[in-house]
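One structure is given here, and the rest of the page talks about it.
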Amino acid sequence: MSPPLVEHNYMGPSGARSTEASSPDLRQTELRLGLPGSESPERKQLTLDLLPPSAKGKRGFSELKKDGGPSGDNLGPQGKEDKSNKGKLEEKKPAAKAQVVGWPPVRSYRKNTMAINPSKNKEDAAEVKQGASCLYVKVSMDGAPYLRKVDLQTYKNYRDLSTALEKMFGGFTSGGSANVEPTDLLNGSEFVLTYEDKDGDWMLVGDVPWEMFAESCRRLRIMKGSDAIGLAPRGEKSKSRN
Amino acid sequence: MKVQSAMFYFPEEVIEHIFSFLTHHHDRNTVSTVCKAWYKIERLSRREVFVGNCYAIRPDRAAARFPGLWSLSLKGKPHFADFDLVPPDWGGLAGPWIEALARSCPNLEELRMKRMVVSDENLELLGHAFPKFKALVLVSCEGFSTDGLAAVARSCKSLRELDLQENEIEDRGPRWLNSFPDMCTSLVSLNFACLKGEVNLKSLERLVCRSPNLKCLRLNRAVPVETLAKIINQCPNLEDLGTGSLLADQFSEAYVSLVCALQKCKKLRSLSGFWDVSPLCLLAVYPVCANLTGLNLSYAPTVQGQDFINLIQHCVKLQRLWVLDSVGDKGLTVVASACKELQELRVFPSDLFAAGPATVTEEGLVAISTGCPKLNSLLYFCQSMTNSALITVSKNCPNFTRFRLAILEPRKPDPATNEPFDEGFGAVVKNCKNLRRFSISGLLTDQVFYYIGKYAKALEMLSIAFAGDTDQGMTYVLNGCKNLRKLEIRDCPFGDGALLADVTKYETMRSLWMSSCDISLRGCKALATKMPSLNVEIINEWEAEMEENLNNGVAEVISNNNNKHFNNGNDDRKVEKLYVYRTVGGPRSDAPDFVWTL
């Protein structure tokens, strides 16, 4: 009785389930980080490749997109995702399948040992993730006492990067105020994600296709929204800026 | 009354003699609470102590109470640490315990530790502080290297047992085996299967040669067939063997000697290892199969299909079997027909992403339950399960004491009916009255917890993941399971209402773990306030990760404006990881920055 080779999203509803149960359950599947002030029933703060698509999810970059400008390839489907959930899930390759931390409940010793000795049927997920090189860019956030370095090659699209940054810096957004949610970090209400490109210009993140961004990004900065006035999307770069 | 006054004059030696018949630590704990006299007699005559949570009592106090201690068993990190849910540097340090024992318990002979952090220095001290030391058992521990093993080997003159099970051991070369002194001839049990590095084969052979009492030997992957054959020839009385790499050519001398050697092993009862095993080498094992009571193939993904079937058919006395799901339902069906004495079965996933076709389903489990009515312990990872199968299994095997089922995909319903698994697991608790350990999975509502609370009266440990609907679920369990000792929950919608439903309950338990649930800081604070005898620990994941990143160089400090943001007054924040345990030791002094004891 072998099941068909359907991609399974551990974090989201399987095809057979009733949709009624799915929405509240998604909340429960969040890998929360215990960040202060971080509760939001609709918050989808996952660092998994397969995120449950939902119009309710506050994906930071979708907010940025409201201002217009060319969409990156990977952001295009954002608005349409909730209509074509299953199609989207089907497209993913096995190596990109979502993993829940600590599930299935197998001792890490056993997991590590089996990874060295993979069964002949399976792709070794570890192999897929390794790039030939990695490129660390510094990420700073206004007001935070730490700066982080991230390897852009470990992310495949803006959504992954956004999630990872929220995870890294979410704690600081609510440091002062009680009710700020980490998703506000990147949806434009308080903080804006910017990057310095290879020309030395500071640009808003999200305007260009992911690959182009990953190649030209030299460092990232999470700026206070008020400081970001005057930053132009790439399309307008040729015009002079104050 | 007369009887009481007679008791008053009872000589201590007689009481002590009576106590010597009480072997289980529960019973000894109980008699120690009767009166001061008995407490004193008991503590001075106690030889074995079990501490299920190393933070339940301060090491000094435990060691001082039992100066005559021979054997100590300790457990450190919460169980979910095995699955990477507890950040590194959380704690569970062996050092304070070994130091306390060194001060107060010079007669120590045995130390067993599980999920603890042991350093090479700790092992050095162990070697020097206890002249009678005989047995070291480390399970799922970390923090030490082969240098530490060398220290133990070198210093413990009458070492009998060195048992390393699934530890993370840093490999610093094969020298450690040389550290067993030439006059060391006392070894009975040696297990270094989890060592990843090379081994000095000559040293190993010499060690085996001078260990006439060797009964249990588990080698690591680096030991080739030639050496294995030589070793077995030296110890035909081996009872428990873990092979090294079982790879050999058909007409090689190594293979031939292996075959001959194995034929002489009349006392062999347990086999494990099978690293890289070729089908040919499996044939060599056939002669010993008929007497095997234990077989562990769980690190041998190549043993599947007909190879597995041919092997297992010979194992008619098997009581304990560990395999990978690559044997399939078909393999399990053969087990069911051949292994009528089977008591314990563990089926591990060969592919953690459940993408492949070769796994097991409810069919395999039903077959086993039909063919092996003595089954009492189960760990089963499967891609598919049904309620009706679970009901059948529970009726076929009412003797389960341990039942752990992990359906690989979280929240998956019964594919036959699209229903949750409440009825299936409910049947298990209803029919298996001796159930002590239970792990459940798949789509589950509060109903399953109603059943557990109502029927699982003997239950001591319950593991829940991705289950339940409301606080009522957890409350059923807390109210109903009278013997509950450990409760561990992840990714369930239980909130403060559930956490606070019966706070005194936690004093009757060893520990509670809750992660990715719906509890808030307010709820945890309330618990801590109401129950000062508990340690209520919150793990701040963000800080834990930051510490690790600073160590790995992917973070830098820009300013010293240290943001203790966790304590900014918003108690409605959700708590990601909570660990609550009863203790007489107070808040622990070794808690890292990211653990906050309320």
Side-chain angles (χ1 to χ4, degrees), chain A residues 1-3 5 8 10 13-14 16-18 21 24-25 27-39 94 97 99-111 113-114 117-122 125 136 140 144-150 167-168 170-172 174-176 178-179, chain B residues 80 82-85 140 166 168 194 299 301 326 348-358 361 363 381 383-384 406 408-413 415 418 465-466 491-493 516 539-542 546 549 554-563 565-566 568-570 572-577:
Chain A
M1 187 186 201
S2 49
L5 286 176
H8 285 298
Y10 281 135
S14 69
R17 286 188 47 209
S18 62
D25 282 341
R27 173 172 67 88
Q28 299 150 20
T29 65
E30 289 173 32
L31 291 182
R32 261 187 252 127
L33 301 167
L35 303 175
S38 60
E39 170 56 8
K97 192 190 304 257
Q99 275 186 73
V100 180
V101 173
W103 191 269
V106 173
R107 250 187 208 164
S108 37
Y109 169 82
R110 180 177 287 278
K111 268 190 193 163
T113 308
M114 294 307 286
N117 181 17
S119 163
K120 53 188 186 230
N121 294 337
K122 321 292 185 290
Y136 278 102
S140 59
Y146 300 115
L147 86 58
R148 293 291 301 269
K149 298 174 199 165
V150 297
K167 194 176 163 185
M168 283 179 211
F172 293 110
S174 40
N179 295 318
Chain B
F80 277 177
D82 277 346
F83 317 132
D84 300 325
L85 287 181
S140 208
E166 300 195 334
E168 290 294 335
C194 64
Y299 288 102
S326 43
F348 293 96
S350 51
D351 171 23
L352 297 175
F353 307 116
T361 70
E363 274 182 34
F381 287 84
Q383 266 196 11
S384 167
L408 288 168
E409 186 184 326
R411 298 211 181 82
K412 191 175 172 183
N418 226 28
F466 306 106
D491 293 277
C492 296
S516 304
I539 295 176
N540 180 355
E541 196 67 34
W542 189 89
M546 183 49 80
N549 288 320
V554 293
E556 289 170 20
V557 175
I558 307 179
S559 86
N560 284 325
N561 185 10
N562 198 4
N563 221 344
H565 46 268
F566 207 69
N568 71 0
N570 179 7
D572 288 322
R573 286 182 312 224
K574 294 301 171 186
V575 165
E576 178 61 15
K577 293 183 180 174

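Order of the sequence lines fixes the chain letters, A, B, ..., with proteins taken first and strands second; residue numbering starts at 1 for each chain.
Screening Phe466(B), Phe83(B), Phe381(B) against Trp103(A) for a ring-ring contact (aromatic ring centres under 6.0 Å, His included) leaves a single residue, Phe466(B).
Interface remark: Phe348(B) contributes side-chain atoms only to the contact with chain A (heavy atom separation under 4.5 Å).
Taking chain B as the reference chain and counting heavy-atom pairs below 4.5 Å, the highest number among Gly102(A), Pro105(A), Ser108(A) is found for Pro105(A).
Under the salt bridge (charged side-chain N to carboxylate O under 4.0 Å, His left out) criterion, Arg107(A) pairs with Asp82(B), Glu166(B), not counting sequence neighbours.
Note that OH of Tyr299(B) and CE of Met114(A) are 8.5 Å apart. Values are rounded to the nearest 0.5 Å.
Among all heavy-atom pairs drawn from Val101(A) and Asp84(B), the shortest one is CG1-O, 4.1 Å.
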